[in-house]
Amino acid sequence: MKTVRFLIITVLLVCVVSTSYSQFADYKPLRSTGAVPEDFLPDKAQYTGLTDEVKSKKDKKLFDQYAQSNEYAIANQLNGGYVLYGTEVNKYINAVADKLLESNPVLRAKLRFYVVQHSLVNAYTYGNGAIMVNTGLIAHLKNEAQLAFILSHEIAHYLKEHSFDRYTLTRKIDKKSRENRDYWEDEGLLAYTSYSKEKETEADLEGFKLYYQSQYALNEAQGVFDMLSYGKHPFDSLPVKKQFFEGAYLKIPAKYFSNEIFKEIDVSSDENENDTFDTHPALYKRKQLIGEEVSLVSKQPDRKVFLVSESEFNKIRDICRFELSRLFLIENSYINSIYNTYLLLSKYPDNQYLYSCLIKSIYFLQLYTNNTHKLSVVKNAKKIEGEIAKIHFLFKNFNKEELNTWSLRMAWDIHSKYRENDEIWLFTQQITKEFQKTVSKKTTFFAPLNEYNDSLISSFYVVTEKDVISDQQKKNRGKKISKLKFTSKGNFCKYAMPDYLNNDEFTTSFKQLAASIPDDTEEDETEEKETKKERKKRKKKAYGNSDAEEPINRVLLVDLVNIKVDNRKEVSEQYKAMKASNNQLAEHVKKCAELNGITVETLLPFNISSNDTSLMPDRGLLRMFLNERLQHNSDGEYYSSDYKTLQEISKKYNTEYIAFMYNVAIIEKKNVGEALVFLLITAAYFPPSIFASIYNLFEPEKSSHLGLVVYNLKSGKLHFTSSRYYKMHLKRDFAKSEFYNLFYRLKKKQSNSNSTYLTL
């Protein structure tokens with residue numbers, strides 16, 4: 001009987017594992033689906049959840065300012081490309097909310113839950129009842145009950161109107177800061193953080209009351225704070241094995257994987273945390289407070305950790321963990337992406353999506369290294385806790401030649417596993433080209449297979465007597481630890497690819513890619529023979545026809561920022577969207593582009609409807625591309641981490657080019673001191689103009705900024721940028737002519753930045 005039972009359990013476990021594995025075998029990133037929620041629609045969205053009764057008790061002017069500020073903030077958030085609706089994760093969160101508020105259907109009807117594609121462990125609430133939950137938070141959860149308590153905490157913020165209260169306090173602090181510039185740094189900051197901690201404590205207590213009304217296990221409310229204490233670390237802490245970063249013939253020196261400098265993750269020090277200037281109370285205080293609440297109530301035996309589904313929770317959590325590998329790429333956290341992928345591969349070996357994320361991380365690390373920006377994405381391992389420090393240590397110690405060689409080997413090994421994967425092949429080619437630009441364009445750089453042997457490679461990194469002495473010193477406590485010194489008699493780079501030298505695909509591709517790279521020596525010799533004027537003329541001509549690109553005939557406009565910034569007002573209310581003219585402006589833009597032979601298709605948030613089921617998901621991906629691309633801080637070629645999906649969008653809209661435009665009107669306070677001096681001089685030397693000068697004294701400074709930026713979706717290159725500045729607010733006809741000029745320069749591909757027009 002025991003044997004039969006064991007076999008049944010084994011079969012069931014195998015079935016569960018197989019089902020789980022198959023669900024992610026062909027994983028695709030999350031995308032919004034279905035009808036667009038009303039929160040996203042400009043004409044139907046409501047930006048405050050306060051009741052009419054509550055509104056009547058508030059100062060009407062203050063409330064209107066709050067509503068305007070809320071409107072701008074929420075619209076920016078919802079249309080920023082990172083908020084998801086209609087996904088499996090959204091449905092699961094809503095199912096948990098249903099269980100949590102089963103006894104309070106009226107409150108449940110007022111709330112909407114959205115998923116935000118961000119790695120940060122966080123959730124937050126807007127005054128209109130929209131609650132945002134980051135994928136990073138879900139990826140770190142231990143169970144469903146923890147999610148339920150986090151939702152109850154956010155719902156408490158909504159019920160207690162903390163958004164409006166925080167806005168009111170910020171206004172008061174801003175007002176005092178205008179009178180005393182140092183106020184925010186001292187008393188203002190202390191007042192804000194003290195108030196914020198008070199509201200967070202209130203949300204914990206009120207949230208626990210909501211949580212208690214459900215059937216979720218009470219002790220898991222405390223467990224949330226244990227989970228949050230590890231929130232800044234990866235979701236797991238599996239040991240990093242050196243073999244993962246090696247190939248069949250590529251052997252990394254042991255010195256690059258020293259275990260001595262790494263620290264275990266330690267959250268016990270949080271109990272000594274000084275939270276004076278934090279917006280939230282220290283986690284140990286919050287955990288203690290909820291523990292006291294749990295001890296005061298009667299514990300019901302039928303409370304559960306999972307009310308919706310344990311298997312569904314595990315699936316949703318793994319989806320969010322898969323998303324992290326991609327999100328870290330978009331956020332330029334390439335080491336985090338590598339370790340996150342490493343953790344997932346332990347559960348989902350040979351997963352194509354994960355290897356696709358891995359090769360992209362390698363590509364970006366290689367680019368940043370070759371462009372001398374490595375230290376912006378690789379950190380000092382001694383300052384990092386946990387196993388991930390080993391990966392930082394590895395890349396910190398790789399020199400440029402070693403990193404390029406390692407990247408080449410890893411890329412071709414991944415490609416060899418998935419030859420049919422076009423995206424992996426594309427990044428393999430790009431990594432190969434970067435190697436050729438930086439290290440060598442000839443395969444003779446590598447030693448052939450007949451020269452390779454394990455003893456030769458081992459001899460490169462011989463442990464010397466000095467190392468033994470150093471190792472002994474480390475074992476003696478209280479004495480200074482000296483760094484390990486390895487004697488190197490060779491370099492692993494030369495012997496990294498011997499097997500591929502007999503691979504026809506590798507040798508042919510290597511030769512073809514090398515031929516496509518310009519010879520820097522020949523270019524230098526050409527420039528030496530040219531005069532300065534001729535060289536300038538040649539480069540200008542080359543810019544106008546970069547990479548032999550055909551003239552642009554079609555552009556996809558993803559953003560048209562049309563706002564007025566009034567710096568005379570408080571920070572919280574200085575932005576005002578010029579909504580009334582948005583659609584009209586979009587039509588002007590289209591017309592001006594058409595006059596230049598360019599068709600503009602728009603994916604703008606202010607003209608969508610609930611039936612535009614593909615517009616918002618497409619726009620979200622394009623906005624994420626723009627955000628990722630801007631972080632690279634380079635005009636050169638950077639392939640996107642969402643390359644494959646972006647090519648599908650490019651094909652769908654029949655263009656490789658996406659653009660965003662801005663029309664920003666700014667009003668600033670006049671410098672009264674300077675204006676008064678000018679008035680006195682005018683009165684003394686030219687009395688007739690005194691009245692105009694008096695008017696000028698009180699008239700605020702006005703300016704406008706107009707710009708167009710265009711990127712190529714295929715190459716990731718900045719194709720065109722033009723920015724114009726005017727010391728006036730643009731009249732409609734003049735603005736039309738300037739829009740026309742922008743597209744004229746785009747057609748001719750002439751960049752013209754920082755042009756200034758003065759008011760006459």
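- When side chains are defined from C-beta on, Leu210 counts as touching Leu101, because their heavy atoms get closer than 4.5 Å.
- Ring geometry, Tyr126 versus Tyr124: the interplanar angle exceeds 60°, so the pair is classed perpendicular (tilted spans 30 to 60°).
- Asn79 and Met616 get closest at one heavy-atom pair: OD1-CE, 3.5 Å.
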Determine whether Val308 and Lys99 satisfy the following criterion, side chain to side chain contact (heavy atoms under 4.5 Å, CB included), listing intermediate values before the conclusion. CA-CA 8 Å; Val308 177; Lys99 292 291 185 182; 3.9 Å; yes

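- For His153 against Ala203, the heavy-atom pair with the smallest separation is CE1-CB, 3.4 Å.
- A side-chain N or O of Tyr726 and one of Glu738 form a donor-acceptor pair less than 3.5 Å apart.
- In this structure, Met661 and Asp559 have side chains that are not in contact, with every pair of non-hydrogen atoms separated by 4.5 Å or more.
- Side-chain contact between Gln117 and Met624 is present, with heavy atoms from C-beta onward closer than 4.5 Å.
- Taking both residues in full, the closest heavy atoms of Phe225 and Ile290 are given as CE1-CG1, 3.7 Å, listed atom of the first, atom of the second, then distance.
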Apply side chain to side chain donor-acceptor pair (under 3.5 Å) to residues Glu331 and Ser119 and explain how you reach the verdict. CA-CA 9 Å; Glu331 297 167 12; Ser119 63; 2.5 Å; yes

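- The side-chain heavy atoms of Gln146 and Ile138, taken from C-beta on, include no pair separated by under 4.5 Å.
- Across Ala659 and Val555, no two heavy atoms sit closer than the pair CB-CG1, 3.5 Å.
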Taking it one step at a time, do Tyr82 and Asn627 satisfy side chain to side chain donor-acceptor pair (under 3.5 Å)? CA-CA 10 Å; Tyr82 288 81; Asn627 292 339; 3.3 Å; yes

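- Note that CZ of Arg317 is 12.0 Å distant from CD of Glu144, once rounded to the nearest 0.5 Å.
- Judged purely by atom type and a 3.5 angstrom limit, Ser152 uses its side chain to pair as donor or acceptor with the backbone of Phe149.
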Test side chain to side chain contact (heavy atoms under 4.5 Å, CB included) applied to Leu630 and Tyr711, step by step: CA-CA 10 Å; Leu630 289 169; Tyr711 280 102; 3.5 Å; yes

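- In the model, Glu200 has no side-chain atom that pairs as donor or acceptor with a side-chain atom of Thr279 under 3.5 Å.
- Using a distance-only test at 3.5 Å, with no hydrogens or angles considered, a donor-acceptor pair links the side chain of Thr33 to the main chain of Gly86.
- In this model, a donor atom of one side chain and an acceptor atom of the other lie less than 3.5 Å apart for Asn562 and Asn582.
- Shown here are the salt bridge (charged side-chain N to carboxylate O under 4.0 Å, His left out) partners of Arg326, two or more places apart in sequence or in another chain: Glu323, Asp642.
- The pair Lys160-Asp165 fails the salt-bridge criterion, with no side-chain N (NZ, NE, NH1 or NH2) lying under 4.0 Å from an Asp/Glu carboxylate O.
- Between Leu556 and the options Leu603, Thr602, Val600, a side-chain contact (heavy atoms from CB on, under 4.5 Å) holds for only Leu603.
- Interatomic distance, OG of Ser229 versus CG of Leu283, reported as 6.5 Å (0.5 Å rounding).
- Between His588 and Phe739, a ring centre-to-centre spacing not shorter than 6.0 Å is recorded.
- In this structure, OH on Tyr158 lies 7.0 Å from CG on Leu107, to the nearest 0.5 angstrom.
- Just one of Leu151, Val116, Ile150 meets the side-chain contact (heavy atoms from CB on, under 4.5 Å) condition when paired with Val133; it is Leu151.
- Note that CG of Asn336 and CG of Leu329 are 10.5 Å apart. Values are rounded to the nearest 0.5 Å.
- Of all heavy-atom pairs between Leu646 and Ser640, the closest is CD1-OG, 3.2 Å.
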Step-by-step side chain to side chain contact (heavy atoms under 4.5 Å, CB included) determination, Tyr212 to Val294: CA-CA 9 Å; Tyr212 178 70; Val294 171; over 6 Å; no

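- Residues Tyr66 and Ser163 have side chains that bring a donor and an acceptor to within less than 3.5 angstrom of each other.
- Residues Leu141 and Phe313 meet the side-chain proximity criterion, which asks for heavy atoms closer than 4.5 Å.
- The shortest side-chain heavy-atom distance between Val710 and Thr721 does not fall under the 4.5 Å cut-off.
- Not a single donor-acceptor pair under 3.5 Å links the side chain of Asn76 to the backbone N or O of Ala73.
- Considering CD1 of Ile649 and CD1 of Ile658, their distance stands at 9.0 Å, rounded to 0.5 Å.
- The aromatic rings of Phe40 and Tyr114 sit perpendicular to each other, their planes meeting at more than 60°, with 30° as the lower class boundary.
- Using a distance-only test at 3.5 Å, with no hydrogens or angles considered, no donor-acceptor pair links the side chain of Ser610 to the main chain of Ala35.
- In terms of heavy-atom proximity, Cys320 sits nearest to Thr135 at CB-O, 3.5 Å.
- Atoms CG and CD, from Leu159 and Glu202 in turn, are 10.5 Å apart once rounded to the nearest 0.5 Å.
- Looking only at distances, no side-chain donor or acceptor of Asn134 sits under 3.5 Å from a matching main-chain atom of Val121.
- Arg112 and Asn90 are not linked by any side-chain donor-acceptor pair at a separation below 3.5 angstrom, with hydrogens and angles left out of the test.
- Ion pairing of Asp278 with Lys197 is absent here, as no side-chain N (NZ or NE/NH1/NH2) approaches a carboxylate O to less than 4.0 Å.
- By the 4.5 Å heavy-atom criterion applied to side chains, His705 and Arg724 are not counted as neighbours.
- Contact of the Tyr92 side chain with the Leu147 side chain is registered, since non-hydrogen atoms from C-beta on lie closer than 4.5 Å.
- Under 3.5 Å, the side chains of Glu102 and Ser214 contain no donor-acceptor pair of N or O atoms.
- For Asn128 (side chain) and Ala130 (main-chain N/O), a donor-acceptor pair under 3.5 Å exists by modelled atom type.
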Before giving the answer on side chain to side chain contact (heavy atoms under 4.5 Å, CB included), spell out for Arg619 and Leu604 the whole-Å C-alpha distance, their side-chain angles and the decisive distance to 0.1 Å. CA-CA 8 Å; Arg619 186 174 180 279; Leu604 303 174; 5.5 Å; no

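- Judged purely by distance below 3.5 Å, without hydrogens or angles, the side chains of Gln213 and Asn104 never pair a donor atom with an acceptor atom.
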